[in-house]
Chemist: 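If you scroll down you'll find the structure; I have some questions about it.
Just so you know, these numbers use all the heavy atoms, side chains as well, and skip hydrogens, waters and symmetry mates. Per chain, numbering begins at 1; letters A, B, ... match sequence-line order.
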4 protein chains.
Amino acid sequence: MAEITFGDLKEREREARKELIVNTAKKLFSEKSFKSVTVRDIAKGAGISTGTIYRYYESLDELFLDVFFSDTNEIIRIIEGELKKGGGCTIRKFSEVYIGYLNENTSYYQMMSYFMPRGMLTDEEIEKINPIMQEVIDLIERLIKAVGHKGDTQLMARALFSALNGIMTSYAQYPGSSLGEIQKYTLVLAGYIADFFEMGARKEYY
Amino acid sequence: MAEITFGDLKEREREARKELIVNTAKKLFSEKSFKSVTVRDIAKGAGISTGTIYRYYESLDELFLDVFFSDTNEIIRIIEGELKKGGGCTIRKFSEVYIGYLNENTSYYQMMSYFMPRGMLTDEEIEKINPIMQEVIDLIERLIKAVGHKGDTQLMARALFSALNGIMTSYAQYPGSSLGEIQKYTLVLAGYIADFFEMGARKEYY
Amino acid sequence: MAEITFGDLKEREREARKELIVNTAKKLFSEKSFKSVTVRDIAKGAGISTGTIYRYYESLDELFLDVFFSDTNEIIRIIEGELKKGGGCTIRKFSEVYIGYLNENTSYYQMMSYFMPRGMLTDEEIEKINPIMQEVIDLIERLIKAVGHKGDTQLMARALFSALNGIMTSYAQYPGSSLGEIQKYTLVLAGYIADFFEMGARKEYY
Amino acid sequence: MAEITFGDLKEREREARKELIVNTAKKLFSEKSFKSVTVRDIAKGAGISTGTIYRYYESLDELFLDVFFSDTNEIIRIIEGELKKGGGCTIRKFSEVYIGYLNENTSYYQMMSYFMPRGMLTDEEIEKINPIMQEVIDLIERLIKAVGHKGDTQLMARALFSALNGIMTSYAQYPGSSLGEIQKYTLVLAGYIADFFEMGARKEYY
DNA sequence: GATGAATGAGGGTTCATTCAT
DNA sequence: CATGAATGAACCCTCATTCAT
């Protein structure tokens with residue numbers, strides 16, 4: 001029978017604190033551009049001191065990366081949940097749910113653009129991020145295989161992932177349109193692209 | 001016959017100055033992340049004073065936006081040039097040339113991510129940017145129509161544009177791989193996506 | 001026969017703890033500049049918590065002062081040991097051994113510079129430090145008397161002590177030279193100065 | 001005939017500004033420990049903004065080094081002035097004047113202790129400091145030669161310089177005594193040491 | 001008595017922007 | 001008009017010290 005040690009409790013509390021910090025950061029990211037959120041903003045928002053943040057994260061970037069990590073996990077959870085519900089046209093379903101998430105969490109793809117550039121991440125950080133990103137790709141790949149695709153499903157998964165992210169970069173909050181219009185339009189684009197992939201997946205393409 | 005007034009000359013000189021500033025900024029963007037380039041860097045690079053920059057641009061962001069504008073124009077020129085040369089598979093050709101450009105000018109899609117978020121641009125700025133972005137879309141649309149597509153070619157153009165941009169956001173400088181490997185991979189993805197669109201365009205899809 | 005009370009045991013344990021802390025600090029001082037060693041560094045090195053350190057020392061400075069105290073004791077021990085061994089030219093011998101110690105423990109004279117400025121020490125701290133410093137002076141004085149000096153031996157002792165410390169302040173780690181060269185040079189200076197004092201001591205100077 | 005160009009004026013003004021900053025720093029150093037003086041203190045004291053400091057110095061350390069440089073120059077000027085006045089016992093005179101200066105400018109030897117440690121200075125900084133330090137040594141050397149010393153006058157100069165600095169490190173503001181008492185005592189020590197060197201210099205020592 | 005998480009003032013430094021010359 | 005020195009708010013981060021457990 002699993003015993004709960006004192007160390008476990010400590011660890012849990014630590015995780016709870018990190019979660020508080022990460023969630024505060026997420027909340028602030030939804031209010032303003034993620035790069036304009038400061039340590040003081042987060043500390044204030046979380047009701048703790050700036051110094052405390054540095055007890056849990058060595059730098060702001062490390063914290064941001066954890067938000068990214070957490071968001072990615074959330075995406076996976078949401079999509080797995082959604083997929084359990086429905087039947088049929090799953091690539092499309094995935095695409096819509098994913099874009100829906102990005103619409104609600106605009107900082108996600110902003111962080112992606114921020115972290116991708118060469119030299120931004122240490123090897124250690126890359127090793128932390130890679131597996132979870134691969135999970136997303138794997139999840140998409142499963143959908144593609146489900147349709148019976150015979151080609152390079154990994155490649156196709158990556159292509160779809162890229163294409164969807166691009167919708168956000170290009171139209172996420174396109175200036176001049178109302179938020180609702182934009183969300184509707186990005187969903188249309190997502191559906192359009194998804195259909196191509198759906199179609200492609202059904203063929204023995206590549 | 002059009003007469004050249006004193007005012008015209010002034011205006012031309014002004015444009016020449018702005019071009020000098022913009023080109024200096026571009027050069028610096030290719031050397032380091034666009035967000036880390038400072039007014040002083042640009043002024044120094046252009047051989048003028050920081051104050052002078054503010055005679056031509058109200059703020060750094062306005063300058064950056066002009067770089068974005070100029071880059072977009074350059075893209076259009078390059079692609080029109082490329083398209084004149086070749087025959088055949090033009091959607092693919094476009095995709096490859098476009099991704100090639102983004103690989104060489106990493107600040108372009110970084111700026112895109114930077115400017116897209118709501119509230120970043122004034123109405124005035126939007127009115128300046130929109131027409132040129134539309135030109136890119138129109139250019140893509142022409143390629144799509146050339147294949148004989150009967151569906152919503154505008155939508156398809158926008159979808160392709162988004163998808164290609166997404167490749168860069170997602171894999172532009174993917175950490176851990178060499179620059180060359182990344183460029184190759186982004187081109188593979190571009191080709192893959194382009195083929196879907198090529199195929200889709202040939203059908204009476206939508 | 002002296003009885004050992006419970007209080008004595010407590011006191012002994014307390015002293016042992018302080019020694020652990022001081023020795024840890026010393027070890028760290030040999031690795032980096034003494035002013036850059038933090039409470040956390042020491043606590044970690046000693047395998048105790050930061051809070052515990054404050055049970056033994058009211059402040060970091062008090063701890064540093066104890067290290068200084070302990071170092072001074074060590075110096076006395078070492079020099080007494082050395083002097084027992086040899087005959088002859090003892091002022092010189094002392095000077096070389098002392099400079100040798102300072103070369104190995106660069107934080108010692110750094111702490112001296114740090115604590116000497118007016119206002120750095122409380123009266124209480126001064127009362128603790130003075131006797132041990134006087135011991136060093138007395139030790140030097142004995143050497144001077146041994147040569148048969150008839151002048152103000154206390155003054156001469158203080159002068160020699162000062163002069164040797166100055167070698168370290170001025171050339172301890174003179175930039176541009178290798179560590180070995182510096183150590184050799186400081187020893188040359190020490191010998192040079194020692195000879196003056198040796199000579200002076202032999203006279204009925206002052 | 002030397003013409004004064006616009007550039008010269010600019011350069012002069014720049015130097016005047018640096019002097020203002022340096023003098024403000026010196027003033028503050030006499031009020032509190034030099035390491036506890038902040039950029040903000042200096043800016044406020046000089047009636048300028050913190051940012052302005054960084055127009056003239058790349059870092060606080062660079063500024064501190066300039067103060068050290070300026071102090072050393074001042075020492076040289078003062079001593080040369082003094083030496084012109086008097087005849088006779090010049091090594092002693094020098095020693096007293098030097099110690100007098102250090103008593104008035106306690107930050108000087110504090111900075112010496114601060115900058116000497118290996119790695120504190122860049123090669124560039126070393127190249128700036130070395131010549132001026134050598135000037136001081138040369139000045140002392142001249143005094144030694146004046147007495148007719150035949151030995152290694154450079155070494156003797158360095159030894160004297162070290163020995164005098166050590167007086168300050170060891171007794172500069174020895175706690176417990178009044179400022180006046182300390183100054184008197186350091187002068188006694190200086191005289192005592194100077195006499196040794198005076199004596200030594202007169203011989204064909206070494 | 002020991003712990004170590006939390007504090008928060010304060011550190012050096014940056015940089016878009018302004019404005020007197 | 002151009003200049004570039006000056007501004008100063010804001011940034012990230014550190015660390016001696018405290019105190020609830």
Chemist: Tell me whether the side-chain N/O atoms of Ser49(D) come closer than 4.0 Å to OP1 or OP2 in dT7(F).
Modeler: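 Yes, such a contact exists.
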
Chemist: Does Arg17(A) reach a base, just sugar-phosphate, or nothing at all? Heavy atoms under 4.0 Å.
Modeler: sugar-phosphate

Chemist: As a test of reading the structure: which of dT3(F), dA6(E), dT17(F) is closest to the side chain of Ser59(C), going by heavy atoms?
Modeler: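 Among dT3(F), dA6(E), dT17(F), the one nearest the side chain of Ser59(C) is dT17(F).
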
Chemist: Return the value, rounded to whole Å, for the distance between atom CZ of Arg14(C) and atom P of dA2(E).
Modeler: 9 Å

Chemist: Checking side-chain polar atoms at under 3.5 Å, does Ser107(D) have a donor or acceptor matched by the opposite partner on Lys26(D)?
Modeler: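 Checked: Ser107(D)/Lys26(D) side chains show no N/O donor-acceptor pair below 3.5 Å.
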
Chemist: Specify the separation, in whole Å, of atom CD of Glu13(D) and atom P of dA20(E).
Modeler: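 Checked: the CD to P distance equals 16 Å.
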
Chemist: I'd like to know if Arg40(D) reaches the base of dG12(E) with its side chain, counting only an N/O donor and acceptor under 3.5 Å.
Modeler: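 Counting by modelled atom types and ignoring angles, a donor-acceptor contact under 3.5 Å is found here.
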
Chemist: With ring-ring contact (aromatic ring centres under 6.0 Å, His included) as the test, pick out the partner of Phe64(B) among Phe29(B), Tyr108(B), Tyr57(B), Tyr114(B).
Modeler: Phe29(B)

Chemist: Nearest whole angstrom, please: distance from the P of dT14(F) to the NZ of Lys35(C).
Modeler: 17 Å

Chemist: Return the 5'-most residue of the pair Ile53(B), Val39(C) with respect to DNA chain F, ranking by each residue's nearest nucleotide.
Modeler: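 Comparing both residues, the 5'-ward one is Ile53(B).
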
Chemist: Could you tell me whether Lys27(A) and Glu31(A) have a side-chain N and a carboxylate O separated by less than 4.0 Å?
Modeler: yes

Chemist: Between the side chains of Thr38(D) and Asp41(D), does any donor sit under 3.5 Å from an acceptor?
Modeler: yes

Chemist: What nucleic acid atoms does Tyr56(C) come within less than 4.0 Å of, heavy atoms only: base, sugar-phosphate, or nothing?
Modeler: sugar-phosphate

Chemist: Establish, from distance only, whether the side-chain atoms of Ser113(B) and Thr169(A) form a donor-acceptor pair under 3.5 Å.
Modeler: no

Chemist: Provide, to the nearest angstrom, the distance between the NZ atom belonging to Lys44(C) and the C1' atom belonging to dA5(E).
Modeler: 16 Å

Chemist: Is the phosphate of dA5(F) approached by Thr52(D) (side-chain N or O, under 4.0 Å from OP1 or OP2)?
Modeler: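 For dA5(F), OP1/OP2 do not have a side-chain N/O of Thr52(D) under 4.0 Å.
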
Chemist: Hunt down any stem DNA chain E takes part in, defined as 3 or more consecutive Watson-Crick or G-U pairs whose two distances are each under 3.5 Å.
Modeler: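 DNA chain E forms these stems: E:2-21 with F:2-21.
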
Chemist: Please report, rounded to the nearest Å, how far the C1' atom of dA2(F) is from the OH atom of Tyr57(B).
Modeler: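 To the nearest whole Å, that distance equals 17 Å.
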
Chemist: Assign each of Thr50(A) and Gly51(C) to its nearest nucleotide of DNA chain E by heavy atoms, then name whichever residue's nucleotide is nearer the 5' end.
Modeler: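 Mapping each residue to its closest nucleotide by heavy atoms, the 5'-most match is Gly51(C).
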
Chemist: So, the side chain of Thr52(D) versus the backbone of Ile48(D): is there a donor-acceptor pair under 3.5 Å, distance only?
Modeler: no

Chemist: Contact class for Thr38(D) (heavy atom, under 4.0 Å): base, sugar-phosphate, or nothing?
Modeler: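 Thr38(D): backbone/sugar contact only, no base atoms under 4.0 Å.
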
Chemist: Atom NZ of Lys32(B) and atom P of dT14(E): how far apart are they, to the nearest Å?
Modeler: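 That distance rounds to 12 Å.
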
Chemist: Distance-only, no hydrogens or angles: does the Ser70(B) side chain make a donor-acceptor pair with backbone N or O of Asp66(B) under 3.5 Å?
Modeler: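 Judged by distance alone, no pair lies under 3.5 Å.
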
Chemist: To the nearest Å, how far apart are Phe64(C) CZ and dC15(F) P?
Modeler: 11 Å

Chemist: Are Ile53(C) and Tyr56(C) packed together at the side-chain level, in the sense that at least one heavy-atom pair is separated by less than 4.5 angstrom?
Modeler: no

Chemist: Assign Ile48(A) to base, sugar-phosphate, or nothing according to its heavy-atom contacts below 4.0 angstrom with the strands shown.
Modeler: sugar-phosphate

Chemist: Hey, which of these two, Asp61(A) or Arg55(D), hits DNA chain F nearer its 5' end, going by closest nucleotide?
Modeler: Arg55(D)

Chemist: May I have the distance from Tyr54(C) (atom OH) to dC19(F) (atom P), rounded to whole angstrom?
Modeler: 13 Å

